Structures are given as C-alpha cells and as structure tokens.
Amino acid sequence: MGDSPDAAAVWEAIRTHLKGEFGQRTFDSWLRPVELVAMDGPEVTLSLPTHFMADWVRNHFLDRLRALWTAHAPQVQTVRLTVVPQRGGESVAVPALQTAPALPETANDIGVALEERYTFESFVIGKSNELAYNAARTVAEGGPISFNPLFLHGTTGLGKTHLMHAIGWELKSRKPDAKVAYLSAEKFMVEFLAALRAKDTISFKQRLRSVDLLMIDDVQFIAGKDSTQEEFFHTMNEIISAGKRLVITADRSPQSLEGIQDRILSRLAWGLVADINPADYELRLNILHSKLARMGAAQVGADVIDFLARRITSNVRELEGALNRVVAYATLVGKPIDLDFTRQVLADVLRAHEKKITIDEIQRKVADYYSVKLSDMMSARRAREVARPRQVAMYLAKKLTPRSLPEIGRRFGGRDHTTVMHAVKRIDELRAADRELESDIGTLSRMLDG
C-alpha cells in the first residue's frame, strides 16, 4: 500500500523491538494489529482495525512508536494513526464506541492484562513518590488496611500506572486465587456503554463487583459523563462495602477534579490520597541507572546520564524514552554514546525542554536589576531612570520570547507595536557603543536563562 521495501524492513525491526520491550502479551493485544500503510517522506501512516484500538495505541504507545521510527529512519518526524476496519476482507463502518478486543487474560483477570515489566522491584523510589509507593505496598500485601480506596494522583508519566500494575502482580503472587481487575476510566466507560446498548448491564456489574482488587486509571476522563459516573459510584460503594480493595488514579487531587459528582469526590477523599510529584535530580539519576542496568550491554557514560537527568525533567516516561532513543540509535548506526551524539539524537526533545521565559519574568528581573518599581514597566512615566529599563525589558522580551510586537506592547501598559520596535532598535544601537549597557544585557540574559 505504498510502502517501500526499506519501510517494510524498518517496520519489521520496530515490531521486533516493541515485542522485546513491552512483552508478548501486550504486543499481541495492542501492537500486533498495527499495520504499516505508507512511509511518505517525514510522515509514516499506521493503521488499526478499530477506533477503540487506535485511541488506545495513540494514548499509550504513540510517543514510543514515533521515537522508534525516528531512531530507525531519522527523516521520519510524524507518525499518524488511522482506522482501516476489516471484516471478511472488506472495509465496513465501525461504531465510534465498541467493546475492547479480546485480551490474553488469566482465568481470574478482568480488564486489561497486567504489564509484566511493571513490578515493585522495577519501581525506583525517591522523596517524590515514597508515600505512594508505601501505600501501594500496603494494599498489595493483602492484610488489613486502614484506608480504602487508595487514590494516587500526579501528572502524566510519573509512575501511577506502574504502581497499579505492581499492586496487581504482588497481590496475585501472595494470593494466586485473587481476582484482579485493572482498566482505564475510558475502558470502564466504553464497556459500560456497550453493556447499556446490549441491555446487559447486569453482567457488567457482576464482573467488576466480584473482584478482590479493582483498579481504575485516569478517573478524570469520566468528567461530565453522568451515566458513567452513576455506575462508577455504585461500583465503588459495592467494592468498599464488601471489604474489597479499590485503587484509583487521576492527574490531580480529588479537590481539583472538575465535572465529577460531589459524592464521588467525597468517596475518593475518604481513603488515602497520595500524590506523586515530579522526580528530583537524584531520583531521575537513579531511574536512569536502573533502566540502564536492565538494558544490559549498552555503554553509556556517567556524563551522558548526568546530562539526561538534568535536561529531561518533565516526567519519568520522557526520561526513559530519551535513554531508549539514544541507545537504539547508537546501536543502529554503530556509534559510541557521548554527549555530542546524545545532543544530536535528542535535538528536538531538548528544544522542547528548554526553559520558557515569560514577559512577566523579564519585567520582574529588569525592575529588580535597575531598582525600579514593577509598575513602572507598565506606566506612562518617561523619566530616563524608568524609560531605559523599560526599553531593555522590551528588547529582552523580543529577543527571548516568541511573542509578537503588538503582544509585547500590550504587556507594557498597552503601548503600540511601533514603540516596541523603537525600543529594540535603540537598545541595539546603544549596545554597540555603551559597554555598561552591553554588560547589563548579558547579565540579565544569563539570569533569565537560569
């Protein structure tokens, strides 16, 4: 379908890598159905047979697919997912909502199969996640607990899903007959709506409420879905009243969730609420060393590990993905992994993680530096001791931010864009002749760059 032999070979290599990285069960469930449609210059198009599977792969694997394609074929910048439904070899219309495809489950598992790589042993502990880790271990040990549910919250990629899978594996290792159900809030909603359409909600209720451990991931996605929230509330009550274990995650605390019924929020806050904060430098360093140890033969110097820990600060998933990308690319091209190579491979990632400087921050720094009031940045005063710092701030706003001249003018007391142009031109002229001003600009730039 338009793909060249080279593209097919690259795709086969990527599939082999995915199978090794995510395990046979996950690969068979979600990644094996992905097919290569075409590689057209910098864009690759992949297809899946259903909308549900396409959404799942987009939410859980798209970043990894993009990284692997770029590692194997550097010209590829975009990976696009499309739906090509098949039935008996012919394309057919598929409803937007449908039940999940059959998953390879053990006899007592409900929902999505647990990821084999997500265990307590592979979870790296630090100050930012210590409470969440200890609470998760307590739930998993199977003994009496003083809280129910356990509510874990934090932004994406910090380890919430990892801990949920680890709880499931640990409980099953201690109690082999325990029934464990892990599913995303989206999957809960999709299956519930499918049961409604099939007029078989009793079966859906019985399946979920018969488990010993129910884990719902990303509960914020049922915001505004009244019928789903109604069922979710009753399911929570049944699980807690029966003394079963309930673990729920979201990207924010219960008090910050919008579009969720108050009675659900009250239940969520009733148990133990544990947040997972962004990893600090020490934890990021330990995560990279742990990941590298599991990768085996890869030779990555301490300077590269330190560089990644300092530069990739948003979340653990991106941090591990950056290391995977560097190692994969080095393996493909047969080059040693040093700092220059790492910067080259991760150029786009590093640009995305550069510090974002704001006009507000520039105004504050300049006002402090020249000992003027912050309000003077926006005032109509034209005295030299105010006008020059204001021009410097406008100049820096133009040089260090992507904001337009009209927007900069508005942020400086509603001034016209021509005023900003004049300020930029004037400071440029003065820098060439005024060493003190040149020094001021350099100092302020370094302060703003951190």
Side-chain angles (χ1 to χ4, degrees), residues 21 63-64 66-68 70-71 74 77 117-118 122-133 153-163 251 275-333 335-358 360-362 364-365 368 396 399-402 441-450:
E21 180 176 347
D63 288 345
R64 193 72 192 108
R66 187 185 299 114
L68 288 171
T70 302
Q77 299 297 319
R117 62 199 175 104
Y118 288 156
S122 62
F123 189 85
V124 183
I125 310 165
K127 291 180 180 179
S128 63
N129 59 26
E130 187 175 19
L131 173 61
Y133 172 83
H153 69 92
T155 56
T156 185
L158 297 183
K160 303 186 301 293
T161 301
H162 187 144
L163 282 178
D251 62 354
D275 62 338
I276 304 179
N277 294 309
D280 57 19
Y281 166 74
E282 183 179 357
L283 179 55
R284 294 196 299 271
L285 205 61
N286 290 337
I287 288 169
L288 288 171
H289 282 299
S290 174
K291 176 75 174 178
L292 195 58
R294 296 196 301 272
M295 296 175 80
Q299 298 296 316
V300 182
D303 57 341
V304 172
I305 295 297
D306 177 78
F307 176 78
L308 292 175
R310 292 186 184 280
R311 295 296 298 273
I312 312 296
T313 60
S314 56
N315 63 61
V316 173
R317 189 175 299 150
E318 286 196 22
L319 183 66
E320 292 187 339
L323 180 62
N324 286 336
R325 181 171 174 178
V326 170
V327 171
Y329 198 86
T331 302
L332 286 169
V333 301
K335 289 186 176 181
I337 301 174
D338 56 23
L339 278 176
D340 287 341
F341 179 80
T342 301
R343 287 192 179 97
Q344 177 186 350
V345 173
L346 298 178
D348 58 332
V349 176
L350 295 174
R351 281 195 300 272
H353 284 265
E354 288 176 354
K355 182 180 178 182
K356 302 296 188 297
I357 300 171
T358 65
D360 288 342
E361 185 179 7
I362 290 171
R364 286 194 301 271
K365 291 286 187 184
D368 288 344
L396 291 171
K399 298 297 183 182
L400 300 180
T401 78
I441 297 294
T443 300
L444 283 164
S445 297
R446 288 191 294 272
M447 290 168 60
L448 288 162
D449 281 332

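Predicted model only: the values in this text are computed from it and were never measured.
Listed by chain and number, the residues in a side chain to side chain donor-acceptor pair (under 3.5 Å) with T401 amount to none (sequence neighbours excluded). For the salt bridge (charged side-chain N to carboxylate O under 4.0 Å, His left out) test, no residue two or more places apart in sequence or in another chain qualifies with D338. With sequence neighbours excluded, the residues forming a side chain to side chain contact (heavy atoms under 4.5 Å, CB included) with D306 are Y281, R310, listed by chain and number. For Q344, there are no side chain to side chain contact (heavy atoms under 4.5 Å, CB included) partners at least two apart in sequence or on another chain. Residues satisfying the salt bridge (charged side-chain N to carboxylate O under 4.0 Å, His left out) test with R364, not counting sequence neighbours, are none. For the ring pair (Phe, Tyr, Trp, His ring centres under 6.0 Å) test, residues two or more places apart in sequence or in another chain that qualify with F341 are Y329. Qualifying ring pair (Phe, Tyr, Trp, His ring centres under 6.0 Å) partners for H153, counting only residues two or more places apart in sequence or in other chains: none. By the side chain to side chain donor-acceptor pair (under 3.5 Å) test, R317 is found to be paired with T156, residues two or more places apart in sequence or in another chain being considered. Residues meeting the side chain to side chain contact (heavy atoms under 4.5 Å, CB included) test with D63, sequence neighbours left out: R66. T155 meets the side chain to side chain contact (heavy atoms under 4.5 Å, CB included) test with L158; sequence neighbours excluded.
The NZ atom of K335 sits 10.5 Å away from the CG atom of D340 when rounded to the nearest 0.5 Å. One finds the CG atom of N129 at 9.0 Å from the CG atom of D280 (value rounded to the nearest 0.5 Å). Between the CG atom in N286 and the CD1 atom in I125 there is a gap of 10.5 Å [rounded to 0.5 Å]. Of the inter-residue distances, the one linking E130 atom CD with L283 atom CG reads 10.5 Å to the nearest 0.5 angstrom. Atom CZ of F307 and atom OG1 of T342 lie 7.0 Å apart (nearest 0.5 Å). Annotation: the span from I287 atom CD1 to E282 atom CD amounts to 11.0 Å, rounded to 0.5 Å.
Within the 4.5 Å cutoff, the side chain of N324 has heavy atoms near those of the R64 side chain. At a threshold of 4.5 Å between non-hydrogen side-chain atoms, the residues S122 and H162 count as touching. Counting only heavy atoms from C-beta outward, the side chains of L319 and N315 never approach each other to under 4.5 Å. Side-chain contact check for H289 versus I305: some heavy-atom pair is nearer than 4.5 Å. When side chains are defined from C-beta on, R311 does not count as touching L346, because their heavy atoms never get closer than 4.5 Å.
When all heavy atoms are compared, the tightest approach of S445 to L396 is OG-CD2, 3.7 Å. Residues A71 and L332 approach most closely at O-CD1, 3.1 Å, considering heavy atoms. Of all non-hydrogen atoms in K365 and L444, the two that sit nearest each other are O-CD2, 3.9 Å. Here the closest non-hydrogen pair linking I337 and V304 is O-CG2, 3.9 Å. A pairwise comparison of heavy atoms in I276 and A132 identifies CG1-CB, 3.6 Å as the closest pair.
Of the possible polar contacts, none joining the R325 side chain to the A67 backbone as a donor-acceptor pair under 3.5 Å is found.
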